[in-house]
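One structure is given below, encoded as structure tokens.
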Amino acid sequence: DGGITQSPKYLFRKEGQNVTLSCEQNLNHDAMYWYRQDPGQGLRLIYYSQIVNDFQKGDIAEGYSVSREKKESFPLTVTSAQKNPTAFYLCASSSRLAGVVDTQYFGPGTRLTVL
Amino acid sequence: AQSVTQPDIHITVSEGASLELRCNYSYGATPYLFWYVQSPGQGLQLLLKYFSGDTLVQGIKGFEAEFKRSQSSFNLRKPSVHWSDAAEYFCAVNTGFQKLVFGTGTRLLVSP
């Protein structure tokens, strides 16, 4: 089945530790995205990538880093510099490049809790 | 700046009754509009989208939405709500370069 997978579903981290969230898609989509969701705030864009080996900061990139070495993978690292990392993280992908509107499809999410 | 407003944080509807969820957007150019649904602890599922053409669009699960340019609105409707429709609903607008701006969501509760 085609789709987007995120792992793990739940993740616990101690303060001061970096942690990496996985996102894989087999939809052959060019673009991938990371969003953060907090109660009552909707979704906010962290980073996005329109093509392999290229990515751009979104609205709330501070304290996060990404890489895009393969078309199907877009891991997100939450660093110790992120002040309030506890949140629900959603990965998405879409099939078109910049400047052409297309639909974003979402993975099931990872809930990160900092202890 | 582009923005999306969903004025209702919570809505409670009786099972079998009709539903309308409101969405207003602020965007200078032609908007590309989306409605997504999210069950607790899950990802977002696309319900429907408007890019151009007929302003009344049909989606999955019996939902429809109407784009009204004069009112900057894209309200979601369903004629008869089922208990399984209880979820959170998000309206979003594409601002170009694939960036989506989301509203803060409306949580739908369905009473028996």
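Chain A is the first sequence line, chain B the second, and so forth, proteins listed ahead of strands; every chain is numbered from 1.
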- Heavy-atom distances under 4.5 Å only: say whether A/L43 touches chain B with side chain, backbone, both or neither. both
- Message: Working note: B/S18 + B/R77, criterion side chain to side chain contact (heavy atoms under 4.5 Å, CB included); need CA distance, chi angles, decisive distance, verdict.
- Response: CA-CA 8 Å; B/S18 63; B/R77 302 193 294 246; over 6 Å; no
- Message: Can you tell me which residue among B/V57, B/N24, B/T55 is in a side-chain contact (heavy atoms from CB on, under 4.5 Å) with B/F74?
- Response: B/V57
- May I ask you to establish whether B/K49 and B/F34 are in a cation-pi arrangement, using a distance under 6.0 Å from NZ or CZ to the six-membered ring centre and at most 45° from the ring axis? no
- So what's closer than 4.5 Å to chain A heavy atoms on B/Q6: side chain, backbone, both or neither? neither
- Task: Go through the atoms of A/Q37 and report whether side chain, backbone, both or neither lie under 4.5 Å from a heavy atom of chain B.
- Result: side chain
- Is it the side chain or the backbone of B/L44 that comes within 4.5 Å of chain A heavy atoms, both, or neither? both
- Message: With a 4.5 Å cut-off on side-chain heavy-atom distances among I, L, V, M, F, W and Y, is there a chain of contacts connecting A/W34 to A/F88?
- Response: no
